[in-house]
Amino acid sequence: MPAIPTREWVLTEEQETILSLADKGGDLVIMALAGTGKTTTVGLVAKSLGRRSKKGLYLAYNAEMKRTAVEWGFPAECSTIHGLAYRKVVGTGPDALFRPSRIFNGSLPGRMIAEALGFRSVGFAGRVIMPPGVGALSLATVRNSCYSDSRELSLSHVSLGDYGKLLRGGVEKLQMQKAKDLAKGDSQAAASCDNRIAEYFEAGESLRKEVLGNAKILWNEMNKPPGEGKLPITHDIYLKRYVEGVAEGKFSLPSVDFVILDEAQDSNSLTLKLLNAFRNNGAQSIVVGDHYQQIYEWRGTENSMKKILESPGVSSATLSQSFRFGEEIATFVNAYMTRYLNESFRIRGNPTIGSRVGETSRPDAIVCRTNAGCLAALYREKESRRRVYVPKGKEIARMIEDIEALREKRRPKTSAFQVFRNYEELEEFSETEEGKQISMLIKMIDKNEAENLQGTLARAGECRVGPGVVTITTGHGSKGLEWNKVSLWEDFPSEDALSKNEEEQRLGYVVLTRAKHLLDPFSWSLFSETVDVGI
């Protein structure tokens with residue numbers, strides 16, 4: 001995050017428009033494309049409004065963003081949304097809903113939940129979900145409810161976690177088998193597949209109802225008065241209680257004249273409910289983000305910027321001048337946006353930055369779609385004797401350890417692999433679209449010894465970033481980062497798969513906008529096989 005300017009700044013025409021709109025006092029949504037200086041711009045807005053004795057609040061997406069904003073002297077009070085809630089409902093006084101000692105940093109273990117609440121095993125599609133698994137699904141369901149603006153837990157919030165992936169993989173395999181049976185003219189076998197598919201869906205619905213009942217028990221337990229609950233709570237619980245309390249008039253909001261919400265594309269329904277409460281209190285709302293970088297739908301995020309724009313009296317503005325890369329990369333990104341994102345927004349390259357789209361054998365970063373892709377890229381770079389940093393090294397090592405546990409008829413350590421009863425079932429799942437990443441990992445294990453893989457990953461996870469070190473990360477891990485030279489790995493989806501998945505299309509935009517001086521996208525089949533990319 002660049003420093004907020006302390007002297008006169010040569011503004012772009014777009015920045016001047018944004019400052020003018022903000023000075024008029026109306027609500028404003030700023031669509032800021034990649035690398036266009038969004039936080040610097042809203043810092044200038046806060047500074048301008050502050051000169052008129054207006055008190056502001058900057059809501060950062062996470063604690064790291066808040067810390068950075070404070071360090072750079074952001075000209076408004078800085079907080080996370082959780083921070084607002086914590087100060088209001090967590091404490092030791094008689095009015096506090098929760099005690100600080102009761103808050104659990106991280107995700108509560110499913111075993112702790114099951115033991116405290118007496119959860120029993122649940123049957124699902126011929127297998128048994130043990131109590132810790134039931135506890136974990138119940139917690140995920142409560143979390144989904146906390147992300148929403150709903151007052152009550154319902155079936156729409158239920159998470160089946162990895163069992164949901166298993167269900168989808170099983171249905172996909174049966175659908176493929178049905179197609180083969182129909183091609184052979186065997187209608188009886190095709191009908192049998194239909195019956196088994198119906199059984200899968202019935203099992204899924206039964207499990208959803210079971211999980212919902214347990215999630216309601218967990219929610220009630222977590223919301224018991226101080227000193228009465230058997231379990232600690234997560235940060236999501238006190239945030240939910242705070243926002244709902246604000247909406248009901250039980251809690252007051254900070255008294256401010258304007259509120260700035262950063263990274264708005266990653267907001268969820270609960271965040272919007274809080275923002276609307278500020279607006280109803282008379283505060284001007286200034287929302288900034290890039291809806292093309294909305295890549296966390298599975299965490300409950302939604303197209304919140306579009307929702308806010310639908311409100312009456314809200315103005316919109318755009319930041320399209322990139323300060324990250326030059327015109328050639330911008331042209332390439334625009335061609336991609338035209339083809340897949342179907343929007344009129346276009347990013348403008350910085351004419352003072354030399355950048356190009358081409359091949360490189362020594363990138364500063366390799367961005368992959370999957371953890372398995374990171375592993376393959378790691379081995380290629382190690383063969384070139386390059387020092388490698390893999391932020392997710394330990395996570396991938398755990399996946400390999402669990403695959404080997406199933407192969408050796410041992411119980412895996414993580415829930416993602418405990419859904420499989422044996423290695424054969426894992427192999428079957430790996431043949432489906434849901435299991436594609438596992439298939440890639442199995443191939444890497446077969447090619448290399450698992451023990452050596454884990455050691456290599458552990459070393460790569462501990463390597464320090466520095467000159468000559470190549471960073472290997474996933475597309476999701478690359479968000480918010482930039483490097484001089486970036487290569488994409490070959491595991492991004494095919495054109496056919498990409499055209500059917502909007503979140504994958506947005507992820508493509510994210511990874512194509514990470515390079516400052518050189519972008520090498522040609523390992524991705526989308527560009528190595530498609531000649532009419534528009535550049």
Side-chain angles (χ1 to χ4, degrees), residues 107 109-115 118-141 158-178 180 189 192-215 298 370-372 375 395-446 450-451 453-454:
S107 183
R111 184 177 301 279
M112 179 191 295
I113 294 169
E115 289 176 354
F119 289 169
R120 295 177 296 179
S121 301
V122 176
F124 171 67
R127 70 198 67 234
V128 175
I129 305 177
M130 301 302 288
V134 176
L137 293 179
S138 301
L139 180 63
T141 299
V158 171
S159 170
L160 297 188
D162 295 304
Y163 293 95
K165 293 180 183 178
L166 192 69
L167 187 151
R168 293 189 295 271
V171 169
E172 179 190 334
K173 192 167 184 182
L174 285 168
Q175 288 172 335
M176 290 190 292
Q177 183 59 49
K178 177 185 173 182
K180 291 177 183 177
S192 176
C193 287
D194 278 335
N195 290 336
R196 292 175 64 194
I197 289 172
E199 289 172 2
Y200 261 106
F201 283 119
E202 185 178 339
E205 284 307 300
S206 176
L207 179 59
R208 283 186 179 89
K209 292 175 182 176
E210 188 78 27
V211 170
L212 177 60
N214 286 326
W298 48 278
T370 64
N371 286 329
L375 185 55
E395 178 182 320
I396 306 171
R398 283 195 295 270
M399 295 175 71
I400 293 169
E401 184 180 356
D402 279 346
I403 291 172
E404 282 301 283
L406 282 168
R407 198 196 298 258
E408 296 168 3
K409 299 183 179 179
R410 293 183 286 108
R411 180 173 170 78
K413 292 181 179 179
T414 60
S415 61
F417 289 89
Q418 288 171 0
V419 302
F420 303 106
R421 290 171 291 191
N422 50 52
Y423 183 73
E424 290 70 27
E425 193 170 79
L426 175 72
E427 283 189 303
E428 285 184 16
F429 178 73
S430 73
E431 296 170 4
T432 68
E433 188 65 27
E434 287 280 351
K436 191 174 180 181
Q437 181 174 184
I438 292 175
S439 174
M440 296 170 69
L441 281 173
I442 289 174
K443 288 176 183 176
M444 288 298 297
I445 293 170
D446 291 340
E451 194 173 319
L453 281 177
Q454 292 179 53

Practice prompt. Just do the side chain to side chain contact (heavy atoms under 4.5 Å, CB included) check on Tyr163 and Arg127 with the steps written out, would you?
Written response: CA-CA 10 Å; Tyr163 293 95; Arg127 70 198 67 234; 4.1 Å; yes

Discussion item. Please determine whether side chain to side chain contact (heavy atoms under 4.5 Å, CB included) holds for the pair Ile129 and Leu207, giving the CA-CA distance in whole Å, both sets of side-chain angles, and the decisive distance to 0.1 Å.
Written reply: CA-CA 10 Å; Ile129 305 177; Leu207 179 59; 3.8 Å; yes

Item to complete: Quick one: do Arg398 and Lys413 satisfy side chain to side chain contact (heavy atoms under 4.5 Å, CB included)? Show the steps, please.
Response: CA-CA 8 Å; Arg398 283 195 295 270; Lys413 292 181 179 179; over 6 Å; no

Worksheet item: Could you walk me through whether Asn422 and Lys409 pass the side chain to side chain contact (heavy atoms under 4.5 Å, CB included) check?
Response: CA-CA 7 Å; Asn422 50 52; Lys409 299 183 179 179; over 6 Å; no

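Side-chain N or O atoms of Ser138 include one that pairs as donor or acceptor with a backbone N or O of Val134 at under 3.5 Å. Using a distance-only test at 3.5 Å, with no hydrogens or angles considered, a donor-acceptor pair links the side chain of Gln437 to the main chain of Asn371. In this structure, Ser430 contributes its side chain and Glu427 its backbone to a donor-acceptor pair below 3.5 Å. Here the side chain of Ser439 pairs no donor or acceptor atom with the backbone of Glu431 at under 3.5 angstrom.
Within the model, atoms CD of Glu401 and CD1 of Ile445 stand 11.0 Å from one another, a figure rounded to the nearest 0.5 Å. Between the CD atom of Glu425 and the CG atom of Leu406 there is a distance of 9.5 Å, given to the nearest 0.5 Å. Here Asn195 contributes atom CG and Glu202 contributes atom CD; the two are 11.0 Å apart, rounded to the nearest 0.5 Å. A distance of 7.5 Å separates CG of Leu441 from OG1 of Thr370, quoted to the nearest 0.5 Å. With values rounded to the nearest 0.5 angstrom, Ile113 atom CD1 is found 10.5 Å from Asn214 atom CG. The distance from the CD1 atom of Ile197 to the OG atom of Ser192 is 10.0 Å, given to the nearest 0.5 Å.
Ring planes of Phe420 and Phe429: tilted class, angle from 30 to 60°.
Salt-bridge check for Lys165 with Asp162: passed, with a basic side-chain N closer than 4.0 Å to an acidic carboxylate O. In summary, Glu404 and Arg407 engage in a salt bridge, as defined by a charged side-chain N under 4.0 Å from a carboxylate O. Between Arg208 and Glu205 a salt bridge is recorded (basic side-chain N to carboxylate O distance below 4.0 Å).
Nearest heavy atom pair, residue Ser159 against residue Leu137, reads O-CD2, 3.6 Å. The heavy-atom pair separating Met440 from Ala372 by the smallest distance is CB-CB, 3.4 Å. Closest approach of Arg421 and Ala125 over heavy atoms only: NH1-O, 4.3 Å. For the residue pair Pro131 and Arg120, the shortest heavy atom distance occurs at CG-C, 4.0 Å. The shortest non-hydrogen separation linking Pro132 to Ala114 is N-CB, 4.0 Å.
Dense packing is recorded around CE of Met112, with more than 12 heavy atoms of other residues, nucleotides or ligands lying under 6.0 Å away.
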